[in-house]
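Heads up: the structure comes next, in structure tokens.
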Amino acid sequence: MENQVLVEISARHVHVSKADLETLFGKGYELTVKKELSQPGQYACEERVKVIGAKSEFPAVSILGPCRNATQVELSLTDARSIGVQAPVRESGDIAGSGSCKLVGPAGEVELKEGVIAAKRHIHATTADAKKMGLENGEIVSVEIPTSNGRNLTFGDVVVRVSDSYALAMHIDTDEANAAGMAPNTIGTVIKK
């Protein structure tokens, strides 16, 4: 069906700038690809960093590559509460005034004054995918998750992001996936408002 989308679960992770990568791992350091992700050109790295909040820490959070213009930490709301950081729900890249934390790598530390967010649930779509589904960039839709363990759920406030550098998929965090009792490779149904 034309209104179906694969729903992928995004666990806590860090995107780093080149400057912060070198502070954390050493001058001239390059990320090591562990595995390719579903979005073209994106990959999970072998490298991990410690994320420290006011109350606690996560000792080994995965870095996703490639490097970005600004360092960003993506946590679920449960993750953020558990380590004592603020994580406003935002689209990726919208970090102005967001939460703060400390990152620790083998070569150094980075004190982030902002950059911690809980990623807003979203659908990545190519121009062709969006056209087929009747969707537009920035549009807000709902996505119904089929009954799984008796926890049928419809996610509202799902933002559509359209670019020909994407592959069709919806991304939610672990809190959201757990609320729906969702299994991997779940197919959701897009509902226009």
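Keep in mind that what you see is a predicted model, and the values were worked out from it rather than measured.
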* **Student check: side-chain heavy atoms of Val5 and Leu168 closer than 4.5 Å** => yes
* Return each pair, listed once, that meets salt bridge (Lys or Arg N to Asp or Glu O under 4.0 Å) where at least one residue sits in residues 25-36; pairs must be two or more places apart or across chains. =>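 Salt bridge (Lys or Arg N to Asp or Glu O under 4.0 Å) check on residues 25-36 returns Lys18-Glu30, Glu22-Lys27.
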* **Ser163 and Ser165 side chains, donor-acceptor separation under 3.5 Å** =>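 Present: a donor and an acceptor within the cut-off.
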* **Short side-chain donor-acceptor distance under 3.5 Å, Glu8 and Ser38** =>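 Indeed, the side chains of Ser38 and Glu8 share at least one donor-acceptor pair under 3.5 Å.
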* Considering only NZ, NE, NH1 and NH2 on the basic side and carboxylate oxygens on the acidic side, decide whether Lys50 and Glu57 come within less than 4.0 Å. =>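 Between Glu57 and Lys50 there is a salt bridge, with a charged N closer than 4.0 Å to a carboxylate O.
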[atom1]/[X] to [atom2]/[Y] distance, rounded to the nearest 0.5 angstrom?
X	Y	atom1	atom2	result
Thr186	Ile9	OG1	CD1	7.0 Å
Gln72	Ser92	CD	OG	4.0 Å
Asp129	Ile123	CG	CD1	10.5 Å
Ser62	Glu46	OG	CD	9.5 Å
Glu176	Ile145	CD	CD1	9.5 Å

* So, does His13 use its side chain to make a donor-acceptor pair with the main chain of Ala11 at under 3.5 Å? -> yes
* To do: For Lys192 and Ile140, indicate whether the former's side chain and the latter's backbone hold a donor-acceptor pair under 3.5 Å.
  => no
* Of all residues at least two apart in sequence or in a different chain, which pass the ring-ring contact (aromatic ring centres under 6.0 Å, His included) check with Tyr29? -> Phe25
Pairs of donor and acceptor atoms involving the side chains of residues 100-109, under 3.5 Å and at least two apart or interchain, shall be tabulated with distances.
residue : atom : partner : partner atom : Å
Lys102  : NZ   : Glu109  : OE1          : 3.4

